[in-house]
Structure formats: C-alpha cells, structure tokens
Amino acid sequence: MTRHPGVPPASDPASRAAEPPLAPSGPPVSFRNLYPRYPGYTPRRDGGLGAYETVLGRAGFAPVAGIDEAGRGACAGPLVVAAVVLDPASIRRMPGLADSKLLTPQAREEAYAEVLRRAIDWHVVVIGADQIDATGLHVCNVSGMRRAFAGLRSKPGFVLTDGFPVRGLGVPGLAVWKGDRVTASVAAASVLAKVSRDRMMRDLHERYPLYGFDRHKGYVTDEHVAALAEHGPSPVHRYSFVNVTRAAALAVPVAPADPADLLEPAELLGDAGPAVDDPAGTLVTAGLGPAGALGENERRMDS
C-alpha cells in the first residue's frame with residue numbers, strides 16, 4: 001500500500017511550516033486574565049495598623065477578631081490570653097495603639113483604657129501556673145486562644161492570630177508574623193493581655209515580695225534567677241520550666257499563701273481600673289481553679 005503522492009508525510013517539517021497558522025478564536029489568554037488581582041482586597045503597606053481589618057471588612061469578613069497572649073516566656077505567674085474585636089472606623093481614633101512590648105507602662109495603661117472604651121467586644125482568659133505544669137505551655141496557649149475567641153459575644157467573620165495558626169475556631173483565620181505590630185486587633189489583644197497580667201504580677205508581689213514580681217513580672221532576669229537560687233520556687237512558679245526545677249532541688253520552697261486569698265477574684269484580677277469605669281462593660285469572673293493555685297479565670301465585656 002502506498003501513500004497518496006499529493007499528501008506530504010506528517011513528519012515532514014517543511015510541510016508543517018507551509019501550513020497556515022490557525023487564527024485565534026478570541027482575545028489572548030494571559031496569567032492576569034486567568035487569575036485577576038483584586039487591589040481592593042490587598043492590605044497596603046502604608047495602610048497602618050488597620051489595613052488588615054479594613055480589607056477584610058471590605059471583602060465581607062467583618063467583624064474581625066484579634067487574639068494574643070502575655071506571659072508565655074515567663075517562668076512564674078499565669079498565662080493571659082485576650083481576644084478583641086475592633087470597628088475599623090474606631091482604629092483611626094486610637095493613635096496610641098501599638099504592640100504592648102513597645103509601649104511604656106503608662107502608655108499601655110492609656111491604650112488599655114482606650115481599647116476597653118472603643119472595642120466592640122473583648123474576652124480575657126487567665127491560665128494558672130499549675131495548669132501549665134499539668135498540660136504543657138503550648139497546649140494551654142492554644143486552648144486559651146480558643147476559649148478567648150469562644151467567649152466573645154459577637155460573631156466574628158475572621159480571626160487574626162499572632163505568630164501561629166489556631167485550628168478549631170469555626171471561622172476563617174490568618175496567622176500573622178509579628179501580628180501585634182501589624183494588625184490593630186492583635187495589638188489591642190496584646191495590650192489587654194499584657195496590662196491584665198502585669199496587674200496580677202503586682203498583686204503576687206504583695207504575697208511573695210522576695211522575688212520582685214512587680215519589676216520583672218515573672219520573666220527570667222538576673223534578679224529573678226538570684227532570688228530563685230536563694231529562696232527556691234514559690235507556689236506560683238512553673239515547675240515545668242527547667243530553671244525552676246533546678247532551683248527547687250537546691251533550695252527549700254517558700255510556704256504557700258492562704259488558699260482563701262488565692263481564690264479571691266478581686267485579688268486575682270487586680271485593680272480593674274479603667275475597665276470598671278468603662279460605660280460599655282463590666283468585668284465578670286468565673287471558673288476559679290483549685291485551692292492553692294491560680295487556676296483559670298475569665299473576664300469579658302458584659303452586654
């Protein structure tokens with residue numbers, strides 16, 4: 001069988017070159033056409049702390065909640081986690097809002113009062129040193145974030161967390177690196193958590209003045225290490241931390257305070273200050289832990 005002489009072989013390059021190109025059936029397809037970009041949903045670098053909340057609200061995810069913690073790196077005292085919901089319009093009226101670690105103590109107190117005054121909703125969870133030792137720091141941190149979010153009375157459409165993602169919140173979320181310096185809601189949560197914890201540590205200083213909790217707030221400083229070596233751990237130290245365990249083996253622990261005092265909500269929460277005077281809400285305490293331990297506590301905005 002022979003091929004018809006008028007049909008060139010399909011493998012002949014000359015024949016393919018001689019064929020006329022096919023006319024395009026429509027406009028050229030580009031990457032931009034296939035995957036269009038929506039500039040209105042992109043946070044601007046110069047948008048300030050409220051950039052994420054603004055674009056998420058524009059995309060239909062409002063209100064936006066921010067979650068952050070204080071006391072993760074301390075070897076004494078509680079872990080405090082806060083969740084805050086801010087109105088994007090109010091963020092522009094909070095010029096003093098910033099990462100709590102970058103503010104002076106006085107500036108933090110002022111930002112704390114401003115957040116409580118302007119926040120749509122907020123909730124604070126306190127987890128004691130005994131539970132951190134029992135279940136682990138990271139487990140307590142994630143659990144505290146979930147509980148702080150669940151304690152909000154509003155229903156956020158999106159959640160921003162500082163550093164790492166948190167599963168099981170029930171809404172879309174985004175973990176933002178250095179979120180307390182990038183997003184307003186996480187910065188506000190950072191301020192609430194930090195100020196609340198600092199007040200608790202000042203109260204603990206009144207019970208255990210040997211350690212200087214009012215100065216270093218339970219973090220590992222030279223002063224704190226020296227006090228641990230001399231006096232041993234107190235009942236509010238975290239024995240799951242290696243430096244506390246080492247100090248416990250070398251010294252006699254300090255006697256615990258009266259369990260009735262440790263269970264007193266006013267003492268645990270410290271001076272409520274601006275939160276009590278805030279016309280938008282009051283403090284509610286619940287879920288106190290076992291005697292002789294800080295246990296867990298929660299504070300939230302009353303509707």
Side-chain angles (χ1 to χ4, degrees), residues 65-84 100 108-109 112 115-116 119 121-153 161-162 166 186 188-208 213-214 217-219 234-241 256-257 259-276 281-302:
I67 308 178
D68 200 9
E69 50 75 24
R72 181 179 175 92
C75 66
L79 176 71
V80 181
V81 186
V84 179
S100 63
R108 276 198 301 268
E109 291 286 345
Y112 176 88
V115 169
L116 294 187
D121 198 1
W122 58 270
H123 191 74
V124 175
V125 172
V126 181
I127 302 174
D130 63 321
Q131 191 152 13
I132 294 173
D133 290 340
T135 60
L137 179 62
H138 185 69
V139 171
C140 287
N141 196 358
V142 173
S143 173
M145 288 184 166
R146 289 174 180 155
R147 292 177 54 198
F149 183 80
L152 295 171
R153 297 193 175 185
T161 55
D162 184 29
V166 179
V186 176
S190 171
V191 168
L192 287 197
K194 174 66 175 171
V195 172
S196 299
R197 187 178 187 278
D198 284 355
R199 292 177 177 180
M200 298 174 198
M201 297 308 296
R202 287 195 294 269
D203 286 345
L204 290 176
H205 173 72
E206 298 297 324
R207 300 173 190 158
Y208 308 105
F213 289 145
D214 61 331
K217 306 302 187 294
Y219 288 91
S234 73
V236 296
H237 276 90
R238 303 175 184 176
Y239 283 78
S240 53
F241 279 54
D261 292 337
L262 290 174
L263 285 174
E264 183 64 34
E267 292 294 322
L268 177 60
L269 292 175
D271 181 14
V276 172
T282 57
L283 296 179
V284 178
T285 61
L288 293 173
L294 286 178
E296 297 182 2
N297 213 334
E298 299 192 16
R299 303 192 296 173
R300 68 185 177 196
M301 176 181 289
D302 196 4

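Just so it is clear, the model here is predicted, and its values are computed rather than measured.
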Chemist: Listed by chain and number, what are the side-chain contact (heavy atoms from CB on, under 4.5 Å) partners of D162, not counting sequence neighbours?
Modeler: D68, D180, V186

Chemist: Is there a side-chain contact between D214 and M201 (heavy atoms, below 4.5 Å)?
Modeler: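 No, side chains not in contact.
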
Chemist: Does the side chain of V81 come within less than 4.5 Å of R147's, by heavy atoms?
Modeler: no

Chemist: Partners of F149 by ring-ring contact (aromatic ring centres under 6.0 Å, His included), sequence neighbours excluded?
Modeler: none

Chemist: Under the side-chain contact (heavy atoms from CB on, under 4.5 Å) rule, collect the residues that match up with A193, sequence neighbours excluded.
Modeler: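 Once residues adjacent in sequence are excluded, the partners of A193 under the side-chain contact (heavy atoms from CB on, under 4.5 Å) criterion are A70, V80, A82.
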
Chemist: Going by heavy atoms in the side chains, are V84 and L192 under 4.5 Å from each other?
Modeler: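 When only atoms from C-beta onward are counted, L192 and V84 do touch, with a gap below 4.5 Å.
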
Chemist: Taking side chain as C-beta onward, heavy atoms only, is P78 less than 4.5 Å from I127?
Modeler: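 The answer is no, as the side chains (C-beta and beyond) never meet within the 4.5 Å cut-off.
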
Chemist: Closer than 4.0 angstrom, basic N to acidic O: yes or no for E109 and K194?
Modeler: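 Answer for the salt bridge query: no.
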
Chemist: List the residues meeting side-chain contact (heavy atoms from CB on, under 4.5 Å) with D133, not counting sequence neighbours, and say none if there are none.
Modeler: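 With neighbours one apart ignored, the set is R238, Y239, S240.
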
Chemist: Tell me every residue that passes side-chain contact (heavy atoms from CB on, under 4.5 Å) with A83, counting only those two or more places apart in sequence or in another chain.
Modeler: I67, A148, L152

Chemist: Mind checking whether R207 and S234 have side chains closer than 4.5 Å, heavy atoms only?
Modeler: no

Chemist: How would you list, by chain and number, every residue that makes a salt bridge (Lys or Arg N to Asp or Glu O under 4.0 Å) with R108, sequence neighbours excluded?
Modeler: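 So R108 forms a salt bridge (Lys or Arg N to Asp or Glu O under 4.0 Å) with D198.
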
Chemist: Centre-to-centre under 6.0 Å for F213 and H237, is that the case here?
Modeler: yes

